[in-house]
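Input: a single structure, listed below in structure tokens.
Note that the numbering runs from 1 along the sequence shown for the chain.
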Amino acid sequence: MKGLSEWNLPKKGTLAWVAALVVPPLTAAYLMQLAYGVFPWQFSPLVALGNGVCLGALYFLLCALTGRWVISCLILHLAAGVWGALNYFVVLYRGTPVLPWDLTFLGTAAAVSGTYSFAPTLSMIVALVLLIAAGVFLVIRAGTGHISSLRRRLTCLVACLACLIPVVYPPILGVFGIGTNVWDQASGYRSSGSLGSFLCNATFLQVEKPAGLTSQHLASLLPQAGAADSNPNADYEGTLPNILVIMNESWADFEEFGNLNLTQPAMEYIPNLDNAIWGHAYASIFGAGTSCSEFEFLTGNSMAFLPSGSSAYQQYIKEPTESLAWLLRQAGYDTLAFHPGERISWQRDQAYPLLGFEEYLCGEDMDVPQEMIHGYVSDRSDFDQVIWEFEHKEEGQPLFLFNVTIQSHGGYTDESYAATVQLADQPGVYPQAEQYLSLVRETDQAFQKLVDYFSQQEEPTIILMFGDHQPSVEQEFLDLAYGVTQDEMTMEQYMDKYRVPYVIWANYPLPDTVQGEDVSLNFLSLDLLTCVGLKGDSYLQFLSEMRQVMPVATFVGYKDPEGNAYSHWETTELTSLLEDYQCVQYERLFGMEDE
């Protein structure tokens with residue numbers, strides 16, 4: 001076998017120069033996908049070429065600036081590998097890869113990244129070994145790869161500008177078979193490349209106006225809009241109850257599927273609570289994206305009509321936006337939002353005032369001792385702060401408090417937190433799931449304390465608690481809990497991944513008209529208002545009618561009253577209703593300026 005010094009590689013000449021230009025961006029595309037978990041034989045050569053063209057913009061710029069093609073090549077491959085690995089981990093923990101709008105909330109990601117495990121995969125290790133081997137080979141054979149000719153450096157600059165064309169105008173990538181899969185971004189990044197798909201998603205930064213949206217059509221859908229909405233509860237008679245809404249981080253009910261044998265129940269108190277409505281709702285997210293569920297519940301809008309993985313708080317809440325908080329302020333409530341995390345997470349500090357909250361408290365504002373569980377403020381401390389706010393409000397003045405907890409945030413790898421709930425027949429096999437289930441039990445016990453306290457208060461108070469999304473734990477555990485592997489799921493079973501519990505309790509009798517039926521989060525406030533006895537505006541009345549024929553409408557899919565689930569790819573009898581919903585929501589968020 002020849003040693004490296006015996007390889008007859010041309011160092012000069014047109015052939016070597018062309019190879020040095022063309023090959024690195026293409027191999028970087030394959031390395032990027034390998035780090036993401038896609039092997040070369042699973043990646044179309046044409047798609048690899050398209051991603052390579054985009055990567056070429058960085059490579060040729062480095063060549064032109066440094067005059068060193070080997071160094072530029074190594075930097076390119078390192079950057080491509082890091083990008084692929086980053087997308088792998090983001091998919092692992094939230095279900096979707098890195099998307100263009102994620103760049104607006106890097107601070108939120110950094111704040112929680114310390115609780116996750118980033119162990120490299122076999123394909124990442126292979127990619128790193130290949131990169132090191134290639135680096136050693138190139139340095140021995142070509143040194144730093146000096147580009148001595150000014151003409152060639154200018155050629156690199158021209159090539160950079162050419163490669164920037166699909167970066168600036170991603171639709172061109174369709175020539176290479178690169179596009180987006182808005183319903184399954186992780187799969188799209190596998191088939192179209194993690195860079196190509198990312199760039200194509202940038203075309204969704206602006207939400208397109210629905211084709212059927214006109215003033216006439218909108219008037220037919222919202223005939224009561226206008227003056228009637230100035231205060232729909234003006235004729236309300238009676239004492240307004242305090243309203244406490246708790247969106248509990250990663251709160252899920254895996255026990256409902258009946259496939260787990262646990263050493264003790266994760267939820268024992270809440271499902272058996274007296275004078276309570278116990279049910280399940282559907283979110284549009286899995287594993288992460290908390291603010292999306294906040295947005296759906298507070299506004300009645302659905303993520304179904306917004307780009308995959310987008311964050312409404314950062315992208316679309318730029319001015320005062322109609323919400324439950326504004327409605328309750330009109331009815332005479334004080335409105336307070338509380339989250340025991342960082343103030344700027346998901347840009348809540350900017351979004352909450354625009355959604356009608358008069359005050360926003362974060363972790364640093366808490367007046368009670370902070371008990372930490374697996375790195376986050378416990379639900380016990382969180383609920384103690386809720387009680388503190390009740391005790392320090394003006395007596396008789398109704399309070400609407402919207403609380404987003406943080407105790408059960410992923411990841412579930414804190415070795416200092418011992419699991420109290422295990423799988424009886426497989427203890428220790430799924431440590432992340434067991435840590436998560438133990439946190440759910442902590443929530444169950446903390447909620448009991450909260451209910452015990454308000455049971456003794458004279459002021460009427462209603463509490464709604466619901467989950468924002470299911471947790472990202474071992475896939476094998478999820479398959480066990482659901483009773484089916486993900487690749488064998490029907491549409492109904494797939495939507496179970498987005499199913500979360502909710503409970504409504506009050507220290508006064510609840511009406512029989514609310515039965516705890518399945519509903520998506522964008523419709524859940526309707527049940528809350530019914531229990532309180534308040535009316536909604538014309539938009540909520542529209543949603544109430546919509547819910548009768550389509551009780552679940554999420555980004556993932558929708559359901560009819562019989563529980564049949566449908567993908568948005570399908571055309572059904574409900575498709576026209578979804579289009580009406582989209583028109584009304586678009587006008588509510590963005591207006592009709594360009595009609």
So, Glu249 versus Thr290: side-chain donor-acceptor pair below 3.5 Å or not?
-> yes
Examine the side chains of Ser520 and Glu296 and answer whether a donor and an acceptor come within less than 3.5 Å of each other.
-> no
Students often mix this up, so state it plainly: with edges at 30° and 60°, are the rings of [X] and [Y] parallel, tilted or perpendicular?
X      : Y      : answer
Trp41  : Phe39  : parallel
Tyr412 : Tyr436 : perpendicular
Tyr581 : Phe305 : perpendicular
His374 : Tyr417 : tilted
Tyr360 : Tyr352 : perpendicular

Apply ring-ring contact (aromatic ring centres under 6.0 Å, His included) to His409 and Tyr376, showing your working.
-> CA-CA 8 Å; His409 198 291; Tyr376 296 110; 5.3 Å; yes
Return the [atom1] to [atom2] distance between [X] and [Y], rounded to the nearest 0.5 Å.
X      : Y      : atom1 : atom2 : answer
Tyr498 : Ser284 : OH    : OG    : 9.0 Å
Lys318 : Gln350 : NZ    : CD    : 7.0 Å
Ile246 : Asn248 : CD1   : CG    : 7.5 Å
Met303 : Ile285 : CE    : CD1   : 8.0 Å
Cys292 : Tyr313 : SG    : OH    : 9.5 Å
Leu31  : His77  : CG    : NE2   : 6.0 Å

Test your reading of the model: is there a side-chain donor-acceptor pair from [X] to the backbone of [Y], 3.5 Å cut-off?
X      : Y      : answer
Asn522 : Ser302 : no
Thr299 : Asn301 : yes
Glu434 : Leu423 : yes
His339 : Val404 : yes
Ser194 : Arg190 : no
Gln470 : Ser250 : no
Ser192 : Tyr189 : no
Thr321 : Ile317 : no
Ser197 : Gly188 : yes
Thr554 : Tyr282 : no

Work out which heavy atom in [X] is nearest to a heavy atom in [Y]; give both atom names and the distance.
X      : Y      : result
Asp496 : Tyr482 : O-CE2, 4.2 Å
Gln370 : Val377 : OE1-CG2, 3.8 Å
Arg153 : Thr66  : NH2-C, 3.9 Å
Cys54  : Leu173 : SG-CD2, 3.7 Å

With a 4.5 Å heavy-atom cut-off, do Trp251 and Asp468 have their side chains touching?
-> no
Apply ring-ring contact (aromatic ring centres under 6.0 Å, His included) to the pair His568 and Phe555, showing each step before the final yes or no.
-> CA-CA 8 Å; His568 288 288; Phe555 180 87; 7.1 Å; no
Evaluate the side-chain contact (heavy atoms from CB on, under 4.5 Å) criterion for residues Leu130 and Tyr30: first the C-alpha distance (whole Å), next the side-chain angles of each, then the deciding distance (0.1 Å), finally the verdict.
-> CA-CA 11 Å; Leu130 290 175; Tyr30 279 106; over 6 Å; no
Glu342 with Arg348: basic N within carboxylate O range, under 4.0 Å = no
Using a strict cut-off of less than 4.0 Å between a Lys/Arg side-chain nitrogen and an Asp/Glu carboxylate oxygen, indicate whether Asp365 and Arg343 qualify as a salt bridge.
-> yes
Walk me through it: do Lys497 and Phe286 pass the test side-chain contact (heavy atoms from CB on, under 4.5 Å)?
-> CA-CA 7 Å; Lys497 290 185 58 176; Phe286 175 88; 4.1 Å; yes
Give the C-alpha distance, both sets of side-chain angles, the deciding distance and a yes or no for ring-ring contact (aromatic ring centres under 6.0 Å, His included) between Trp83 and Tyr36.
-> CA-CA 8 Å; Trp83 177 251; Tyr36 183 54; 9.7 Å; no
